[in-house]
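All residue numbers refer to positions in the sequence shown, counting from 1. Since the model is a prediction, treat every value here as computed from it, not as a measurement.
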Amino acid sequence: MAVNINKVYQRVLAIANKEQRGYITPQKFNMFAEQAQLEIFEQYFYDINQFERLEGNSTEYSDMLNLLYDKLSIFEKFDTLISSSSLLTQETFESGTISGWVDDTGNNSAASIVANSNNSFTPSLVLKNDGSDSSPGVREDVTLTLDKRYRLQVKVSFANDPDANDFPQIRLTARPVASSLDGIHVLETPVVAGEFYTLEFSVKDPGGDGGTTESMRIEVELDETSSDNTEVHFSKILLRQIDGSSLPTDLYRIGEVMHQPTGTPSEQATIINRLRNNEVRKYNNSPLTKATASNPAYYIHHKSDNTKSIKFLPDDLSPSIRIQYTRKPTTPAWGYNLIQNKPLYNSNTSTNFELHDSEENTLIYKILQLSGIAIGKQDVYGVGTTKLSEEVQQEKS
């Protein structure tokens with residue numbers, strides 16, 4: 001679900017009675033749109049806190065807590081803790097050129113980068129099976145640390161089906177450069193546009209030379225069973241270390257943090273208690289409260305570069321950590337082209353609001369309120385403020 005940003009902009013202009021767009025320009029509208037979305041999103045958490053203390057009702061479609069959790073559900077994620085540091089030379093393809101990747105397409109069409117209507121104009125690496133060689137792909141060799149876990153992840157922006165009766169297949173491979181048999185990890189899967197596909201693996205030492213690192217070959221290919229003229233576009237190819245300490249870059253609010261060692265069923269995962277930073281020393285110094293592997297704890301560490309990481313007690317807790325959290329909404333944007341010095345809506349460069357469809361009116365009123373302040377029009381501000389007050393009164397009465 002999403003609220004169409006052009007629909008909101010047109011209604012804001014209509015209510016403000018400014019047909020020329022001169023008083024609410026696209027640039028100002030985009031700033032107001034981002035602010036309005038964040039205000040509505042943040043208010044969800046305060047409303048949940050308020051309605052948790054009130055008695056609900058038995059009507060499914062009018063229970064405020066159910067409605068609020070439904071609105072937040074699209075932002076909830078459950079993931080492992082992964083470093084934000086890129087381990088590949090090139091992960092996205094906005095530059096229009098290919099760097100770091102070795103072309104393994106054989107006599108198929110060479111790997112290229114395109115941004116067209118097929119992939120929603122997102123610059124993407126294209127692999128196409130149109131020659132006699134099977135499994136066209138690209139590869140890159142990277143040096144990884146032994147006994148650490150990594151995640152190889154691709155996002156597919158387009159996948160065609162020449163036969164119209166199945167799905168294109170891809171293969172993700174991570175293997176030691178020195179061995180094609182030992183220590184190899186493979187994911188073969190059908191794909192559809194718009195989805196991520198993930199291969200997680202640990203790095204081992206197949207040669208037994210006792211080093212601390214291993215040169216690993218990362219391969220992204222079309223599967224050899226793919227039909228002739230299968231074409232898949234990759235907008236992202238990501239390789240990250242699962243380090244058990246890096247917080248997600250899109251984190252907004254932390255929910256439950258769980259310790260789930262490899263091979264342990266999810267229902268046996270241990271929920272990790274959160275400590276405030278001023279509690280860490282007190283809890284860790286007491287024999288009764290000291291954190292253990294069976295009763296772990298965590299706290300948020302604020303770094304000198306204004307970033308944050310998560311720290312665990314005991315500090316030798318294995319990195320098999322999973323975190324439930326609420327992510328940040330994507331920044332909305334009304335994209336446009338200038339035609340004879342007038343902005344014309346461009347859906348290909350626009351980003352809709354991520355909020356629930358029911359928030360359309362609230363967005364309009366909030367943007368009117370912000371616009372009225374910016375352009376000095378008390379009547380525009382008044383319309384937005386009055387309507388917002390009526391909404392709040394209706395929801396909480």
Side-chain angles (χ1 to χ4, degrees), residues 1-16 21 23-45 70-77 79 84 91-96 113-125 153-159 192-196 233-238 248-253 325-339 342-371 374 384:
M1 293 180 287
V3 179
N4 184 278
I5 195 165
N6 186 49
K7 189 176 179 182
V8 171
Y9 189 21
Q10 298 305 324
R11 291 192 176 184
V12 167
L13 291 173
I15 295 173
R21 307 177 192 269
Y23 291 98
I24 307 175
T25 65
Q27 293 88 345
K28 286 185 178 179
F29 172 80
N30 283 337
M31 288 190 296
F32 302 150
E34 180 180 7
Q35 179 67 22
Q37 177 171 258
L38 285 174
E39 287 183 8
I40 294 170
F41 181 70
E42 175 65 15
Q43 189 62 40
Y44 291 156
F45 299 96
D70 185 44
K71 291 177 180 181
L72 270 176
S73 62
I74 61 173
F75 302 101
E76 292 179 343
K77 297 182 71 173
D79 208 349
S84 60
E91 296 189 327
T92 58
F93 306 95
E94 291 83 0
S95 65
I113 297 173
V114 301
N116 55 31
S117 58
N118 286 335
N119 57 33
S120 300
F121 296 91
T122 304
S124 303
L125 176 73
Q153 189 173 57
V154 300
K155 185 174 184 181
V156 173
S157 55
F158 174 71
V192 295
E195 297 295 327
F196 279 96
H233 300 187
F234 300 91
S235 59
K236 293 180 181 179
I237 305 177
L238 312 173
T249 56
D250 60 351
L251 172 70
Y252 193 79
R253 293 283 178 89
Y325 69 98
T326 305
R327 66 171 177 83
K328 300 173 184 176
T330 302
T331 301
W334 190 82
Y336 62 94
N337 297 324
L338 282 176
I339 307 297
K342 291 185 178 182
L344 181 66
Y345 175 63
N346 184 345
S347 61
N348 294 319
T349 59
S350 295
T351 303
N352 290 325
F353 296 98
E354 280 201 287
L355 300 179
H356 191 277
D357 293 346
S358 63
E359 300 291 7
E360 183 177 311
N361 286 340
T362 309
L363 283 165
I364 292 170
Y365 301 146
K366 277 192 173 290
I367 293 170
L368 280 170
Q369 189 182 53
L370 294 167
S371 301

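In this structure, the side chain of Asp357 engages the main chain of Ala2 through a donor-acceptor pair within 3.5 Å. Looking only at distances, a side-chain donor or acceptor of Gln37 sits under 3.5 Å from a matching main-chain atom of Glu354. Formation of a donor-acceptor pair under 3.5 Å by the Asn119 side chain with backbone atoms of Val114 is found in this model.
In this structure, Ser350 and Gly335 approach most closely via the heavy-atom pair OG-N, 2.7 Å. The minimum heavy-atom distance linking Ile113 with Gly96 is given by the pair CD1-C, 3.7 Å. Of all heavy-atom pairs spanning Arg327 and Ile74, the tightest one is NH2-O, 3.5 Å. The two atoms that bring Val12 and Ile24 nearest to each other are CG1-CD1, 3.9 Å, heavy atoms only. Closest heavy-atom contact between Ile367 and Ala36: CG1-CB, 3.9 Å. Here the shortest heavy-atom pairing between Val3 and Leu355 reads CG2-O, 3.7 Å.
Between Lys77 and Asp250, some side-chain heavy-atom pair lies under the 4.5 Å cut-off. Between Thr326 and Phe45, some side-chain heavy-atom pair lies under the 4.5 Å cut-off. Residues Gln27 and Tyr336 have side chains in contact (heavy-atom distance under 4.5 Å, counting atoms from C-beta outward). Under the 4.5 Å side-chain criterion, counting only non-hydrogen atoms from C-beta, Val156 is in contact with Phe234. Residues Val8 and Trp334 have side chains not in contact (no heavy-atom distance under 4.5 Å, counting atoms from C-beta outward).
For Glu76, there are no side-chain hydrogen bond (donor to acceptor under 3.5 Å, both in side chains) partners at least two apart in sequence or on another chain. With sequence neighbours excluded, no residue forms a side-chain hydrogen bond (donor to acceptor under 3.5 Å, both in side chains) with Asn30.
Looking only at atom types and distance, the side chain of Tyr325 has no donor-acceptor partner in the side chain of Asp79 under 3.5 Å away. In this model, no donor atom of one side chain and acceptor atom of the other lie less than 3.5 Å apart for Thr249 and Ser84. Defined by atom type and a distance below 3.5 Å, a donor-acceptor pair is present between the side-chain atoms of Gln35 and Glu39.
Applying side chain to side chain contact (heavy atoms under 4.5 Å, CB included) to Asn352 and the options Ile5, Thr330, Asn6 leaves one that passes, Ile5.
Going from atom OG of Ser371 over to atom CD1 of Ile364 covers 11.5 Å, rounded to the nearest 0.5 Å. Going from atom CG of Leu238 over to atom CD of Gln153 covers 5.5 Å, rounded to the nearest 0.5 Å. Remark: Phe32 CZ to Gln369 CD distance equals 11.5 Å, nearest 0.5 Å.
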For Tyr9 and Asn4: C-alpha separation, side-chain torsions, deciding distance, then whether side-chain contact (heavy atoms from CB on, under 4.5 Å) applies.
CA-CA 9 Å; Tyr9 189 21; Asn4 184 278; over 6 Å; no
Start with the C-alpha distance between Asp70 and Ser73, add both sets of side-chain angles, then the distance that settles side-chain contact (heavy atoms from CB on, under 4.5 Å), and finish with yes or no.
CA-CA 5 Å; Asp70 185 44; Ser73 62; 4.0 Å; yes
Take Leu72 and Phe41 through the test side-chain contact (heavy atoms from CB on, under 4.5 Å) and record every step on the way to the result.
CA-CA 8 Å; Leu72 270 176; Phe41 181 70; 3.7 Å; yes
With side chain to side chain donor-acceptor pair (under 3.5 Å) as the test, would you mind laying out the steps for Ser235 and Thr122 before giving the verdict?
CA-CA 7 Å; Ser235 59; Thr122 304; 6.0 Å; no
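Under the 4.0 Å criterion applied to side-chain N and carboxylate O atoms, Arg253 and Glu42 are assigned as salt-bridge partners.
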